[in-house]
Amino acid sequence: MTDLLSPEVVADGQPYAYRRTELVEPDWTRLPGWKDVTAEEWRSVQWQRAHCVKNVKQLRGVMGDLLEDRVYDDLTRDQAERATMSMLLPPQMLNTIVPNGADDYTEAFYADPVRRYMLPMFTDRRTDWPSHPHAARDSLHEHEMWATEGLTHRYPTKVLAEVLPTCPQYCGHCTRMDLVGNSTPVIDKLKFTIKPQQRLDDMLDYLRRNPGVRDVVVSGGDVANMPWPRLEAFLNGLLEIENIRDIRLATKALMGLPQHWLSDDVRAGVERVAQLGRQRGVMIAMHTHVNAAQSVTPLVAEATKAMFEAGLRDVRNQGVLMRGVNNSVPQLLDLCFALLDGATITPYYFYMCDMIPFSEHWRVSVREAQGLQHGILGYLPGFATPRIVCDVPYVGKRWVHQLSEYDEVRGISYWKKNYRTGIEQHDPEALNRTHEYYDPIDTLPAEGQEWWKQHAGDTLAAATAKAAASRSAAESQKLLQIT
């Protein structure tokens with residue numbers, strides 16, 4: 001990005017200095033493996049998919065001697081011992097890591113925010129508390145709330161439809177690492193058991209039978225990995241259901257693989273669906289997932305513009321708050337302004353990173369999240385000021401200031417909710433129960449860290465028992481629905 005406003009134009013004395021910037025597509029030919037790649041090839045979605053980096057050997061083929069061997073060794077060890085997601089980066093996304101080059105490429109590569117969450121290294125991970133004692137593969141218990149396979153009914157009026165288990169790119173912090181992507185040496189992934197078309201039909205049937213649902217998030221995985229004719233047929237099926245008023249397409253590929261959304265067949269298909277949605281009074285929007293300002297390039301802006309021209313109501317960003325990536329006020333505001341000014345994408349949410357295994361080096365405390373929410377207020381338009389939320393297990397999204405109590409010594413926040421999830425329909429105490437969320441232990445004062453050292457085993461056993469009881473309750477609830 002290049003500055004369009006000189007420093008003296010910016011008001012003096014402000015904690016954050018706004019400067020309008022011009023988006024720049026990083027020069028991919030700076031990388032040895034792509035020095036001969038043409039602009040036409042770069043814009044080709046087929047070329048992008050065919051040249052995704054899926055392992056350390058392929059990364060070395062692109063980066064060559066720009067990186068020292070210790071980088072490749074570090075990545076190899078992480079993939080073998082810690083990674084919950086397999087490696088998968090489209091060229092478009094890899095090209096935004098160290099976008100301007102560097103004299104010391106290895107150190108710049110280690111420090112880069114996009115690299116930190118897309119290519120996690122073993123040396124990134126914590127060794128004192130690599131996982132929180134309450135970390136879980138399905139940390140939000142979405143599978144327990146499946147109304148049909150892949151359809152999570154957690155909120156009263158909206159559902160999440162996981163229409164497939166793959167993405168064009170795999171984020172190291174993925175909250176759905178239990179199901180999405182390939183198995184890794186440390187995580188044997190779950191698999192859908194019902195045939196794809198039957199799963200989609202079951203979802204539509206459930207929505208027809210439940211008129212209280214008005215809002216469907218179509219996700220996965222990433223909808224960019226579903227063949228367009230199948231996705232369009234599913235969207236048309238949703239549009240035929242009278243009670244569905246909102247449809248949101250979830251795709252990180254708007255940033256990671258914008259070439260997909262710029263393809264002629266996809267753009268035409270989006271236009272058909274959007275036109276049908278307008279005729280039926282249904283709002284169709286796209287949600288993407290950008291975590292760092294450098295990821296917003298001219299191609300991302302072009303793809304976003306194409307979605308608006310095709311007739312989508314809005315394009316919004318849901319980022320994830322992570323240490324070393326975007327956990328400062330300047331980083332968050334730079335990202336929000338890049339999205340808003342550069343690509344007309346509305347900053348919408350920043351989620352606190354979920355309590356999945358080996359994620360402690362990314363997670364921030366609730367208190368830090370509250371400070372970040374305070375710090376970004378007043379700079380952005382109100383409609384484009386993102387809410388920082390904690391996705392509390394068995395509760396759902398809560399603004400970070402909505403906690404009921406907070407033990408900052410032990411890092412335990414307590415939350416309540418105002419609705420029943422899909423597995424609590426017959427639970428009279430659901431609205432009175434308090435649920436816990438846990439800060440990273442390394443962020444706690446010495447007293448709190450010592451408490452966890454003394455009690456980690458006990459709390460882990462209690463969490464395991466609670467999860468087992470919840471799973472049993474979920475299965476019983478499904479049997480009641482069937483009978």
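What you are looking at is a predicted structure, and each value in this text was computed from that prediction instead of being measured.
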Could you go through the side chain to side chain contact (heavy atoms under 4.5 Å, CB included) check for D334 and Q331 one step at a time?
CA-CA 5 Å; D334 284 350; Q331 286 173 321; 5.8 Å; no

Step-by-step side chain to side chain contact (heavy atoms under 4.5 Å, CB included) determination, R214 to D246
CA-CA 6 Å; R214 65 172 301 282; D246 264 295; 2.9 Å; yes

Please assess T166 against N225 for the test side-chain hydrogen bond (donor to acceptor under 3.5 Å, both in side chains), listing each intermediate value before the final yes or no.
CA-CA 7 Å; T166 65; N225 259 24; 3.0 Å; yes

side-chain hydrogen bond (donor to acceptor under 3.5 Å, both in side chains) for R272 and N236? Distances and angles first, verdict last.
CA-CA 10 Å; R272 289 191 298 271; N236 288 340; over 6 Å; no

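Using a 4.0 Å cut-off between charged nitrogen and carboxylate oxygen, R363 and E368 do not count as a salt-bridge pair. Ion pairing of D112 with R116 is absent here, as no side-chain N (NZ or NE/NH1/NH2) approaches a carboxylate O to less than 4.0 Å. Ion pairing between a basic and an acidic side chain is recognised when a charged N comes within 4.0 Å of a carboxylate O; D215 and K158 show no such pairing. A salt bridge links R125 to D78: one of the charged nitrogens lies within less than 4.0 Å of a carboxylate oxygen. At a threshold of 4.0 Å, the pair D124-R323 does not count as salt-bridged, since none of the basic side-chain nitrogens sits closer than that to a carboxylate oxygen. Between E302 and R43 there is a salt bridge, since at least one side-chain N of the basic residue sits less than 4.0 Å from a carboxylate O of the acidic one. Ion pairing between D354 and R176 fails under the 4.0 Å rule for side-chain N and carboxylate O.
What you find for P298 and V24 is that their closest heavy atoms are CD-C, 3.4 Å. Contact detail for T421 and M145: the closest heavy-atom pair is CB-SD, 3.9 Å. Counting all heavy atoms, side chain and backbone alike, L160 lies closest to S219 at CD1-CB, 3.6 Å. Of all heavy-atom pairs between V296 and A343, the closest is CG1-CB, 4.0 Å. Residue Q92 comes nearest to G256 through the heavy atom pair CB-O, 3.4 Å, listed as atom of the first residue, atom of the second, then distance. Nearest heavy-atom pair, A292 versus V114, reported as atom, atom and distance to 0.1 Å: CB-CG2, 4.0 Å.
Between M118 and C171, some side-chain heavy-atom pair lies under the 4.5 Å cut-off. In this structure the side chain of V270 reaches within 4.5 angstrom of the side chain of W261, judged on heavy atoms.
In this structure, the ring of Y18 has its center less than 6.0 angstrom from the ring center of F337. You'll find the ring centres of H132 and H361 outside the 6.0 Å limit.
The backbone N or O of A253 lies less than 3.5 Å from a partner atom in the side chain of T251, making a donor-acceptor pair. Checked by atom type and distance alone, the side chain of N326 pairs as donor or acceptor with a backbone atom of M322 at under 3.5 Å. When atom types are taken as modelled, the side chain of T385 and the backbone of P381 share a donor-acceptor pair closer than 3.5 angstrom. Formation of a donor-acceptor pair under 3.5 Å by the R420 side chain with backbone atoms of D427 is found in this model. For N291 (side chain) and G319 (main-chain N/O), no donor-acceptor pair under 3.5 Å exists by modelled atom type. No donor-acceptor distance shorter than 3.5 angstrom exists from the side chain of N210 to the backbone of G212, with no hydrogens or angles considered. Not a single donor-acceptor pair under 3.5 Å links the side chain of Q318 to the backbone N or O of P347.
S44 and E41 form no side-chain donor-acceptor contact under 3.5 Å, judged by distance and modelled atom types alone. If you check the side chains of T184 and Q79, you find no donor sitting under 3.5 Å from an acceptor.
Taking CG from L207 and CD from E242, the interatomic distance works out to 13.5 Å, rounded to the nearest 0.5 Å. Put simply, CG on L249 and CE on M226 are 11.5 Å apart, with the number rounded to the nearest 0.5 Å. To the nearest 0.5 Å, atoms CG (D74) and CG (L67) are separated by 11.5 Å. In this structure, D341 CG and R19 CZ are separated by 14.0 Å, a value rounded to the nearest 0.5 Å. Of the inter-residue distances, the one linking L88 atom CG with M93 atom CE reads 10.0 Å to the nearest 0.5 angstrom. Taking CG from L257 and CG from D222, the interatomic distance works out to 8.5 Å, rounded to the nearest 0.5 Å.
The aromatic rings of W42 and W28 sit parallel to each other, their planes meeting at less than 30°, with 60° as the upper class boundary. Classification of the W47-H51 ring pair by plane angle, with boundaries at 30° and 60°, yields parallel. Between H435 and Y394, the two ring planes are tilted [angle within 30° to 60°].
Figure legend: R199 and F192 shown as a cation-pi pair, the cationic atom lying under 6.0 angstrom from the six-membered ring centre and within 45 degrees of its axis. With F308 as the aromatic partner, K305 does not meet the cation-pi criteria of under 6.0 angstrom to the ring centre and within 45 degrees of the ring axis.
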